[in-house]
Amino acid sequence: MILIQFTGLSGSGKTTLAENVRHLLLQNNYEAEIVDGDVYRQTICKDLGFSKEDRCENVRRLFKVGRSLIEENKIVLMSVINPYENVRSELRAFEFVKTVFLDCSIANLIERDPKGLYKRALLPDHDQNKIRSFTGISDVFEIPEKADLVLKTDSEAVLVSANKLYNFIISNLKS
Ligand SMILES: Nc1ncnc2c1ncn2[C@@H]1O[C@H](COP(=O)(O)OS(=O)(=O)O)[C@@H](OP(=O)(O)O)[C@H]1O
Ligand SMILES: Nc1ncnc2c1ncn2[C@@H]1O[C@H](COP(=O)(O)OP(=O)(O)O)[C@@H](O)[C@H]1O
């Protein structure tokens with residue numbers, strides 16, 4: 001039983017790694033599911049915004065989904081920014097939860113900017129397209145104190161990070 005709680009800024013590689021690792025797991029006959037913040041924000045978390053309270057509630061609701069999948073013996077990859085240590089620590093109280101920090105510098109994220117969100121977060125205050133309270137730019141991201149695995153996604157290739165995460169999951173399944 002294992003549930004990976006990712007934590008990492010927008011663009012740090014949560015979706016990319018969750019999809020790559022799920023693929024590797026399926027190829028090796030393990031059942032795995034992704035619980036993606038972006039997806040659930042369209043459904044059961046539709047009422048939530050990006051205040052501290054709402055972000056914490058968002059992660060807690062996703063964890064409920066994750067727990068029900070764990071009961072079906074699935075490996076769960078919870079792909080969410082998860083910026084606050086208090087909620088990460090609530091989840092860590094469950095033995096099956098492992099915390100994986102996708103560590104990527106802001107400079108690299110601004111350059112990478114796959115969705116153009118950093119560009120919008122950095123617009124002048126009067127601009128209507130500006131995204132406010134954007135994590136890492138104008139809102140909090142607490143550096144995780146107790147990550148079980150840290151992947152430096154600004155300095156290693158996707159396949160290297162994916163293989164490290166895959167091996168981490170398999171070794172924790174066996175231990
Ligand atoms: N203000 C602000 N700050 C951060 N992110 C924002 C914001 N507004 C919209 N988005 C988009 O929402 C995605 C993050 O949602 P999460 O549910 O993962 O966030 S959180 O854990 O509740 O903080 C995030 O997706 P990813 O880029 O996949 O991380 C963004 O696309
Ligand atoms: N080691 C790595 N791990 C994950 N993504 C990486 C890595 N190196 C470069 N990238 C790139 O960074 C981007 C991450 O985007 P995405 O997975 O959507 O991030 P998030 O889901 O955290 O917002 C992708 O374009 C991906 O190809």
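Order of appearance sets the numbers: ligands from 1, and atoms from 1 within every ligand.
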Those atoms of ligand 1 less than 4.0 Å from some heavy atom in Lys14
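Answer for ligand 1: 29 (O).
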Students should be able to answer this: which protein heavy-atom is nearest to [atom], and at what distance?
atom                    : value
atom 9 (C) of ligand 2  : Arg112 NH2, 3.4 Å
atom 23 (O) of ligand 2 : Gly11 N, 2.7 Å
atom 20 (S) of ligand 1 : Asn58 ND2, 3.8 Å
atom 31 (O) of ligand 1 : Leu117 CD1, 3.3 Å
atom 16 (P) of ligand 1 : Arg41 NE, 3.6 Å
atom 24 (C) of ligand 2 : Thr16 OG1, 3.7 Å
atom 1 (N) of ligand 2  : Glu156 O, 2.7 Å
atom 25 (O) of ligand 1 : Asp38 OD1, 3.1 Å

I'd like the name of whichever of [options] reaches closest to [atom] through any heavy atom.
atom                    : options                      : result
atom 22 (O) of ligand 2 : Glu19, Lys14, Lys164         : Lys14
atom 3 (N) of ligand 2  : Val160, Leu117, Thr153       : Thr153
atom 19 (O) of ligand 2 : Ser79, Ser161, Gly13         : Gly13
atom 6 (C) of ligand 2  : Asp36, Val158, Asn20, Leu151 : Val158
atom 1 (N) of ligand 1  : Ser12, Ser133, Gly11, Gly37  : Ser133

Is the NZ or CZ atom of Arg88 positioned over Phe141's six-membered ring, under 6.0 angstrom from the centre and within 45° of the axis?
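Yes - Arg88 lies over the ring of Phe141, closer than 6.0 Å to its centre and within 45° of its axis.
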Contact atoms of ligand 2, heavy-atom distance to Ser10 under 4.0 Å:
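Numbered from 1, ligand 2 contributes 23 (O).
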Counting from 1, what ligand 2 atoms have a heavy atom of Lys115 closer than 4.0 Å?
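Ligand 2 atoms under the 4.0 Å threshold to Lys115: 23 (O).
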So, Glu57 and Arg61, do they make that salt bridge, N to O below 4.0 Å?
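Yes, Glu57 and Arg61 are salt-bridged.
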Ligand 1-proximal atoms of [X], by part, heavy-atom distance under 4.0 Å:
X      : value
Arg132 : backbone
Asn82  : backbone
Phe50  : side chain
Thr135 : both
Ser10  : both
Pro83  : side chain

Quick one: does Lys115 get an N or O within less than 3.5 Å of an N or O on ligand 1?
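It does: an N or O of Lys115 is found under 3.5 Å from an N or O of ligand 1.
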Going by distance only, is there an N or O of Ser79 that falls short of 3.5 Å from an N or O of ligand 1?
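No - when backbone and side-chain N and O of Ser79 are compared with those of ligand 1, no distance drops under 3.5 Å.
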Do the ring centers of Phe50 and Phe134 come within less than 6.0 Å of each other?
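No - the distance between ring centres of Phe50 and Phe134 does not fall below the 6.0 Å cut-off.
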Would you check the N or O atoms of Pro114, main chain and side chain alike, for any that come under 3.5 Å of an N or O of ligand 2?
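There is no such contact.
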Has ligand 2 got any nitrogen or oxygen that is less than 3.5 angstrom from a nitrogen or oxygen of Ser12?
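Yes: some nitrogen or oxygen of Ser12 is under 3.5 Å from one in ligand 2.
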Answer yes or no for Leu9: is there a heavy-atom contact with ligand 2 below 4.0 Å?
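Under 4.0 Å: yes for Leu9.
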Would you say Gly8 touches ligand 2, if touching means a heavy atom closer than 4.0 Å?
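Outside the 4.0 Å threshold, so no.
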Under 3.5 Å, side chain of Ser79 to main-chain N/O of Val35, donor-acceptor pair present?
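It does not hold such a pair.
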May I ask you to decide if Thr99's main-chain N or O and Asp148's side chain share a donor-acceptor pair within less than 3.5 Å?
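Yes, Asp148 side chain to Thr99 backbone: donor-acceptor pair under 3.5 Å.
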Does atom CD (Gln27) have a neighbourhood of more than 12 heavy atoms from anything else shown, all under 6.0 Å?
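More than 12 within 6.0 Å, yes.
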Heavy atom of Asp139, distance to ligand 1 below 4.0 Å:
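Asp139 does not count as a contact of ligand 1 under the 4.0 Å cut-off.
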